[in-house]
Amino acid sequence: MLFDVPAEIDEIGGAQAIPDRPLQWISVAPGAPYFVEEDGAPWTPVGQDDAITWPELAGVFRRRDLPGVERHLRWLKAHGVTCLRLMMEYAQVRHRYFERPAGHVVPDMVRVWDDLFAMCERVGLRILLTPVDTFWTWLHWRWHPWNEANGGPLDHPSRLLLCGQTRGLIKKRLSFAVQRWGGSGALFAWDLWNEIHPAQAQDSADCFGEFIHDLSCHVRTLELTLYGRTHPQTVSLFGPELVLQPHLDMRSPIFRHPDLDFCSLHIYGKGAIDNPKGHRDAGRIDGSGSADVPIRNHGQPPLLR
């Protein structure tokens, strides 16, 4: 299944031109667990999850307040932030689907990302980009374009990692992103799949390795064809599952997969962090939860937490 790309997509451009001296690409340092720019200067990803529906970035949709969004990005940069982790589609609301219906790109969403990449290039911020918001996709499945009931290929999100037609849509989405934004140094890396989880494979982790290999090779092959080089790749994991389901092998595909360039683990104090009484409580809960997950990274790729 190929994306149906409206003719108007070709006319969409960023809010302003990318600067004459674009951001350097980031790579993993040879033989060391950290990141470097093209000239060898060390680079550290410092930042947070953000979303195109959250207040600071919401103005990018339909270009409602691009100056306000750019002011926020410059404020982040001035306060030491180097990277934002963003999802191409944020399904918390019903008007930020990247496709609608399945396989048909939404022009307003393409414009969102054109503008965000152009602004990040100007400001000097980078993006860790992941194609699917698996959390809200699951919770709001009844409205999602990939839902079989809405003309998509998938009957239930418990088969997200198993359905061949859905895999095709994921790869087409990644292909579109590689072709349109993959040449930008504002792209730090690909989080090929947000918080991979056994529930997305009918309570199994057996397919994790194959799923990661398929997406990784697809993206890497296309980048090499188009640009002659590649951005780093990772797949994030919902950390508590390492403790809650120790009988499933989730460590190998996340920490030792040969196709991934770095590890990405999301650590939560399960339950408590979902209902903190204040931002300080949330921070303390998150910190205490890290003690429950054994991390050994000696001789391994960089680890983001």
Side-chain angles (χ1 to χ4, degrees), residues 1-3 5 27-28 85-89 91 98-99 102-103 105 128-135 137-138 141 144-148 152-182 187-238 241 245 248-266 300-301 304:
M1 182 185 295
L2 297 175
F3 264 164
V5 181
S27 62
V28 176
R85 183 176 179 274
L86 293 165
M87 303 175 191
M88 287 176 62
E89 170 184 279
F98 195 76
E99 307 156 41
V105 178
L128 174 56
L129 190 63
T130 191
V132 178
D133 158 30
T134 52
F135 177 79
T137 294
W138 185 289
W141 180 247
H144 199 278
W146 289 357
N147 188 334
E148 188 176 66
L154 188 60
D155 57 344
H156 193 271
S158 61
R159 299 181 59 251
L160 274 166
L161 307 184
L162 303 175
C163 173
Q165 288 182 286
T166 303
R167 179 86 60 92
L169 286 172
I170 297 166
K171 291 163 75 172
K172 292 297 180 184
R173 182 176 296 189
L174 285 167
S175 292
F176 187 92
V178 169
Q179 292 169 325
R180 195 161 185 99
W181 307 296
L187 178 63
F188 155 43
W190 302 102
D191 186 346
L192 296 169
W193 192 253
N194 173 63
E195 294 192 351
I196 197 167
H197 197 289
Q200 301 158 4
Q202 296 181 326
D203 298 319
S204 172
D206 292 348
C207 72
F208 281 15
E210 181 275 331
F211 178 83
I212 292 169
H213 175 71
D214 191 22
L215 296 192
S216 172
C217 289
H218 178 76
V219 170
R220 183 169 282 115
T221 298
L222 183 56
E223 284 191 315
L224 287 172
T225 300
L226 294 174
Y227 310 115
R229 52 182 174 168
T230 64
H231 294 282
Q233 297 180 358
T234 190
V235 169
S236 53
L237 178 72
F238 180 69
E241 294 303 318
Q245 302 195 69
L248 298 179
D249 181 17
M250 290 177 273
R251 287 175 172 79
S252 295
I254 297 301
F255 298 126
R256 293 184 289 276
H257 199 293
D259 293 326
L260 298 182
D261 299 293
F262 63 99
C263 312
S264 186
L265 185 65
H266 297 175
Q300 298 294 323
L304 297 191

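Everything numeric here is computed off the predicted structure, so don't read it as measured data.
- Contact record, Gln245 with Pro198: NE2-CG, 3.8 Å, taken as the closest heavy-atom pair.
- Contact record, Ala205 with Leu248: CB-CB, 4.2 Å, taken as the closest heavy-atom pair.
- A distance of 5.5 Å separates CG in Leu128 from CZ in Phe262, rounded to the nearest 0.5 Å.
- For the atom pair Asp203 CG and Ser158 OG, the distance stands at 8.0 Å (nearest 0.5 Å).
- Judged by distance alone, with hydrogens and angles left aside, the side-chain atoms of Glu99 form no donor-acceptor pair with the main-chain N or O of Pro145 at under 3.5 Å.
- Looking at residues two or more places apart in sequence or on another chain, you find a side-chain contact (heavy atoms from CB on, under 4.5 Å) between Phe135 and Asp133, Leu139.
- With His257 contributing its side chain and Gly209 its backbone, the two residues share a donor-acceptor pair below 3.5 Å.
- A side-chain donor-acceptor contact under 3.5 Å links His231 to the backbone of Gly182.
- Relative ring orientation between Trp146 and His144 is described as perpendicular, the plane-to-plane angle rising above 60° on a 0-90° scale split at 30° and 60°.
- Side-chain atoms of Arg167 come within 3.5 Å of backbone N or O of Leu161 as a donor-acceptor pair.
- The residues Arg173 and Glu89 are annotated as salt-bridged, a charged nitrogen and a carboxylate oxygen being separated by less than 4.0 angstrom.
- The shortest distance between side-chain heavy atoms of Lys171 and Phe176 does not fall below 4.5 Å.
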Go through the steps to decide whether Arg85 and Asn194 satisfy the test side-chain contact (heavy atoms from CB on, under 4.5 Å), and finish with yes or no.
CA-CA 10 Å; Arg85 183 176 179 274; Asn194 173 63; 2.5 Å; yes
Show the numbers, then the answer: is there a side-chain contact (heavy atoms from CB on, under 4.5 Å) between Val235 and Ile254?
CA-CA 7 Å; Val235 169; Ile254 297 301; 4.1 Å; yes
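- Among Thr134, Leu174, Ile212, Thr234, the single residue meeting the side-chain contact (heavy atoms from CB on, under 4.5 Å) criterion with Trp193 is Thr134.
- Side-chain N or O atoms of Gln200 include none that pairs as donor or acceptor with a backbone N or O of Leu160 at under 3.5 Å.
- Taken to the nearest 0.5 Å, the CG atom of Leu86 stands 13.0 Å off from the CZ atom of Phe188.
- A donor-acceptor pair under 3.5 Å is formed between the side chain of Thr130 and the backbone N or O of Asp191.
- Residue Leu192 holds its CG atom at 12.5 Å from NE2 of His213, rounded to the nearest 0.5 Å.
- Proximity of a side-chain donor or acceptor of Arg220 to a complementary backbone N or O of Asp259 within less than 3.5 Å is detected.
- Taking SG of Cys263 as the reference point, atom CZ of Arg251 lies at 12.5 Å (rounded to 0.5 Å).
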Might you work through the side-chain contact (heavy atoms from CB on, under 4.5 Å) test for Leu154 and Arg159, ending with a clear yes or no?
CA-CA 7 Å; Leu154 188 60; Arg159 299 181 59 251; 3.8 Å; yes
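- Taking both residues in full, the closest heavy atoms of Pro232 and Ser27 are given as CG-CA, 4.1 Å, listed atom of the first, atom of the second, then distance.
- A salt bridge is defined here as a Lys NZ or Arg NE, NH1 or NH2 lying under 4.0 Å from an Asp or Glu carboxylate O, and Arg256 with Asp249 fails to meet this definition.
- Note that the CZ atom of Phe98 and the NZ atom of Lys172 stand 14.0 Å from one another [nearest 0.5 Å].
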Output, in order, the C-alpha distance, side-chain angles, deciding distance and verdict of side-chain contact (heavy atoms from CB on, under 4.5 Å) for Leu187 and Trp181.
CA-CA 8 Å; Leu187 178 63; Trp181 307 296; 5.9 Å; no
